[in-house]
Protein chains: 2
Amino acid sequence: MTDPRSIIAGVEETHPDVATATTAAAEAFGGYRATDPQARGDFLDAVAAEIEADRETIAAAAVAESHLPAGRITGEIGRTTGQLRMFAEVVRRGDHLGVRIDPAQPAREPLPRADIRQRQVPLGPVAVFGASNFPLAFSTAGGDTASALAAGCPVVVKGHPAHPRTGHLVAQAITRAVEKAGLHPGTFSFLLAGPGEDGIALGQDLVTDPRIKAVGFTGSRGGGLALVAAAAARTEPIPVYAEMSSINPVVVLPGALGEDTTGLAQAYVGSLTLGSGQFCTNPGLLFLPRGESGDAFLTAAGEAVAAATGATMLTSGIATAYTSGAAALRDTAGVRVVGQGEAGEEDAPAPQVVEADALAGVTDEVFGASGVVVRYDDAAELADHLASLEGQLTATVHAADADADAAARLLPVLETKVGRILFNGWPTGVEVGHAMVHGGPFPATSDARGTSVGSLAIERFQRPVAYQDVPAGLLPAAVRDDNPWHLTRRIDGELQLP
Amino acid sequence: MTDPRSIIAGVEETHPDVATATTAAAEAFGGYRATDPQARGDFLDAVAAEIEADRETIAAAAVAESHLPAGRITGEIGRTTGQLRMFAEVVRRGDHLGVRIDPAQPAREPLPRADIRQRQVPLGPVAVFGASNFPLAFSTAGGDTASALAAGCPVVVKGHPAHPRTGHLVAQAITRAVEKAGLHPGTFSFLLAGPGEDGIALGQDLVTDPRIKAVGFTGSRGGGLALVAAAAARTEPIPVYAEMSSINPVVVLPGALGEDTTGLAQAYVGSLTLGSGQFCTNPGLLFLPRGESGDAFLTAAGEAVAAATGATMLTSGIATAYTSGAAALRDTAGVRVVGQGEAGEEDAPAPQVVEADALAGVTDEVFGASGVVVRYDDAAELADHLASLEGQLTATVHAADADADAAARLLPVLETKVGRILFNGWPTGVEVGHAMVHGGPFPATSDARGTSVGSLAIERFQRPVAYQDVPAGLLPAAVRDDNPWHLTRRIDGELQLP
C-alpha cells in the first residue's frame, strides 16, 4: 500500500495503484470473510463512528466540491452512517447467510439421503465506482461499499474525480476503522487518478483485474455500459451492478387533477428542480390527460418553473451537458417550451418544462432539471406510451379514488418496467430501509436482480455453497447444529426462527 | 402455435417457430404471473401427473434415444416429477416471494416515512436448453423449466437433438397440463430443429429474441459461452444460467488411505465410470498422496478400471469426442496410463485412469469415464494445486479423523472454488432438495449466484419490486396487510412467520 500513484490538489496522501490495492484485497479476503457477525457488525458501526468523528471536515469538503447546500450534505452524512448501521444490524441478524439444512435420512429407500447444508458466501473483492451526485451516500462509504463489506467482501473504491477530497477523507475514516478493528489493511482501498492521469483507464484496469469479483457502479449509461462490456470480456466474467439512467415516468390520472391542480403542478416542479434535478430518480417524463384540467396543470407547472432559478450543478461538465441536452430537447420536432426558469450564477443553467407531441426523441435522460410532459386521451393511449418505454428505476402514479380501476390496470404494466412504483408522491428521495428497491430493468440498471439501496443490496455480493456430509467439527458456524449465531434457518424447506 | 416448422422421425407433431413461441409466451406472461400460489402449485403438480400418466411411453423413448439403462431412466422420471412437486410446495409456501414491509412512520422527524413494501416478481419468458445426459431431469421438464414455471415465467424449451422424441412426449404432457389448468397456451412451448435445420441457429434466435428475459442451459462450455455472448450482445442484455463444465476435484488425505484402500479405489472407479462417466459431477481429477499407501490406491484403481467395460454413450458424437479427448490425454507429456478398460459394442469407448506429473494440460473436461490422478507430497503442494484450478461444481474430500486439521485448512480454499463440498463420498448423484447447490464459480457455470438443482433455483428467475404508498385496495395480495396467502414476511427487517 506504499506505492505512490497520485498527489492531487487538497489531498496530500498517496494512493495505491490498481494491482497493489487488488492484491491487498485478495490477501485480506480470507480473514475478512471469516469474521463473525458480531465482529463484522462492529466494524461497520465503527466506520459510521469514524465518519461522524470527522463530519465537519468531511461536510466542508463535500459542500466545496459538490456545490450542494450544507443542509443537504449534513443529511447525506446521516444517511451514509445510518446505512452502515443498518447493514451492521443485518449482518448481526445473519438472515443474509440464507442457511438451509436438509438433514440426513440414513433409512431412506431406495437410497439414503446425505446431510446437506447451505449458506451464502461472499464473492470476493468488489470494485466500487461512486456517483457524482451523492458524494457521500452513493460514493466512497455509500450503499455499494456498505453492502459489499457487510457481505464479507473487501472493497476497492475508485474515487470520483468530482469530489476527490471528500472521497479521500471518507476513505481515511474507513481506514481508521479497519486499523482499529485489527483487520487486514487490504479490506478497504481507495484509488484516485491524479491530474493528468486517465481516470477511465484506471477504472478499466480495476474492473479487468482478475482479483476483482464484482462491481458496483452509479453513474452514466455510457460509463456503466463500458464497465459491463469490460467485465463480460474478462477470462472470468463477473457481475456488474451498474445503476445507469432513468427518466422515471409519472402518470397523472384524470381524477388526480380534480382537487388541487396548482398544488400538484408546483409539487411536480419542486421534485423536478430539487438539487438542480441531479437525482437518479428525477421525474423527467410526465403523462398528463388532454383537456382543460391537464391544461391548467401545464399552465401552473410552466409558471412554477419560470419562477425557479438554476443552482450550481455538481461540475462544469455536468452543467454543460445539461445545457446542450436541454437545448436539443427544445429543438426537437413536436416539442414546445411550457416554462423556463432563470439561470443562476455559475454552472447553474435554467430549469425547464417542455411538452412533446410524442415520445420519439424525448426519452433520453437529460441529467438535471428538465421535464417532458406528454399528453394522452385515454387508457389505451397511456398504455401504449408506457409499453414503449425502456426499463426505469421508478414509476409514479397520481390517482384519486375515482381512478382506482385505471390504476389497477396500470400496475401490472409498470411492474414489468420499473423497480419501484409509488403513488401520490414524487420519486426523488429514496428511503434506506429493508423494503426499498433502487433498481429496475435494463437500462435503468445492468442487472435488475438487485437493488443498490436497502438491505437487500447485500445479496448482490454473495453466492451459495452446499456442504454434504461434512463432519460436524469442520462445519462453518453458520450451518452447525448448535446454531451458535442464533440464525433463522430453513430446515427441510421450512423456515425456523432462532 | 400452428406454424409448422419441422417434422422429425418419430415425432409426428409440428412445432412452432421461435417468433411464434416467444410471442405466445409474452402474451401468456401477464396471466401466468398473476396465478396465485395454489393455482400455480396445482399446475406444477399436474405437469408431474401428466408425465407419470405417460411414463411407460416416455421411458421407452428415453431408453431408445439415450442408450441409458431402463432403471436409470425410471429413476430419472421419478426425479423429474419429484422436482416439479417440490417446486409446487415451494410456490404454495410462498417464501420465494421475499415479502418485505417497512410500515409508514407518519410522525417521524425530520420527514415522515412512506409505507414501502417489496416482493419478487418473475423476469418474463425464459428459454431453456436441456442437457443430453439427463433426457428428463435436466431437459424439457427438468430443473430449469420447473423453477422458471414456479417463478411465474412462461418457458420456451429448445428440444435437445439427442432425444427429440422424449422431449416431444414430455412437452405434450406439459401442454396437457397447461390446457387442463386453463392457462394460456403460450405458457409453455417446445421447439425442435428438424433434420437439415440448424439447431444452433435456432438456439441463437431464441436467446436473442427480445421477448425472452432469461436463459437456462446445461451443456458444453462452448455452447454455454456462445449463448452468454449472444445474450450479452442484445440491446437488452439478459441473465444466462449456463451450467457448463467441471472436472470435480477429489482430494484424498493421507488418513483416508489407512483403512480400506482397495475399497476406496474401487468406489472411485465406480463413480468415475457410472453412466459411462456422463455426469456433470463426474470425478475427473483426483489428488493422491505420494508414498506407499497412495501407490496401493493407484494399483487398485488401475485394476478396477481395467475390469470395467464401456457402455454405449449418449450419442456417436459424444463417444467420438471422448475417444479423441481420452487419447489426447494419454499422449500428453508427463501422463501415464494407470489402467484402461475394454470398449463395449457400439459407441462404448473404454474407461481409463491416468496419472499426470502436473496439472498443466490435464484440466480440460473429457466428458466421459476418464480420470486423472495427480500426486502431492504435503499440504502446501496440495494447496498450490487447488489454488490453480478454475471454478468447479463440486470438490470432494476423503479424510479420516486424523486429517481434521488438514481438512479444516482446505475448506476455505474449496469454498472459493466450488458450489458443493462433500466429504467421504462421491460427487455423482445430486440430491434434489432445499439445501443443494448445483452451481459454482466460472467456468463451472456462467453465473455462480444461482443453482440449477434444488429449490433455491427459483430465485434465478425473479427480481424485486417495491411499492411505495400504494393504496391498500391496489396492493398485490402478497404484500397486503391481511396477508391472504399466509406468507412469511420481513417486517421492518425482522422475519415473521405466518
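Naming convention: chains lettered A, B, ... in sequence-line order (proteins, then strands); numbering from 1 in each chain. Just so you know, these numbers use all the heavy atoms, side chains as well, and skip hydrogens, waters and symmetry mates.
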request  = May I have the step-by-step check of side-chain hydrogen bond (donor to acceptor under 3.5 Å, both in side chains) for B/R100 and A/S455, ending in yes or no?
outcome  = CA-CA 10 Å; B/R100 294 167 169 237; A/S455 62; 2.9 Å; yes
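Here OG1 of B/T451 is found 12.0 Å from CZ of A/R463. Values are rounded to the nearest 0.5 Å. Between atom CZ of residue A/F442 and atom OG1 of residue B/T235 there is a gap of 8.0 Å, rounded to the nearest 0.5 Å. One finds the CZ atom of A/F423 at 12.5 Å from the CG atom of B/D115 (value rounded to the nearest 0.5 Å). Atoms CD and CD, from A/E494 and B/E89 in turn, are 9.5 Å apart once rounded to the nearest 0.5 Å. Here A/I421 contributes atom CD1 and B/Y467 contributes atom OH; the two are 5.0 Å apart, rounded to the nearest 0.5 Å.
With a 4.5 Å cut-off on non-hydrogen atoms, A/D492 touches chain B through its backbone but not through its side chain. Using a 4.5 Å cut-off between heavy atoms, B/P476 touches chain A through its side chain atoms alone. The contact between B/L411 and chain A is made entirely by side chain atoms (from C-beta outward), counting heavy-atom distances below 4.5 Å. Contact of B/E390 with chain A is not made at all, since no heavy-atom distance falls under 4.5 Å.
Put simply, the side chain of B/D469 never gets that close to the backbone of A/L422: no donor and acceptor are under 3.5 Å apart. The backbone N or O of A/G433 lies less than 3.5 Å from no partner atom in the side chain of B/R113, so there is not a single donor-acceptor pair.
For the set B/P239, B/G391, B/A404, the count of heavy-atom pairs under 4.5 angstrom toward chain A peaks at B/P239.
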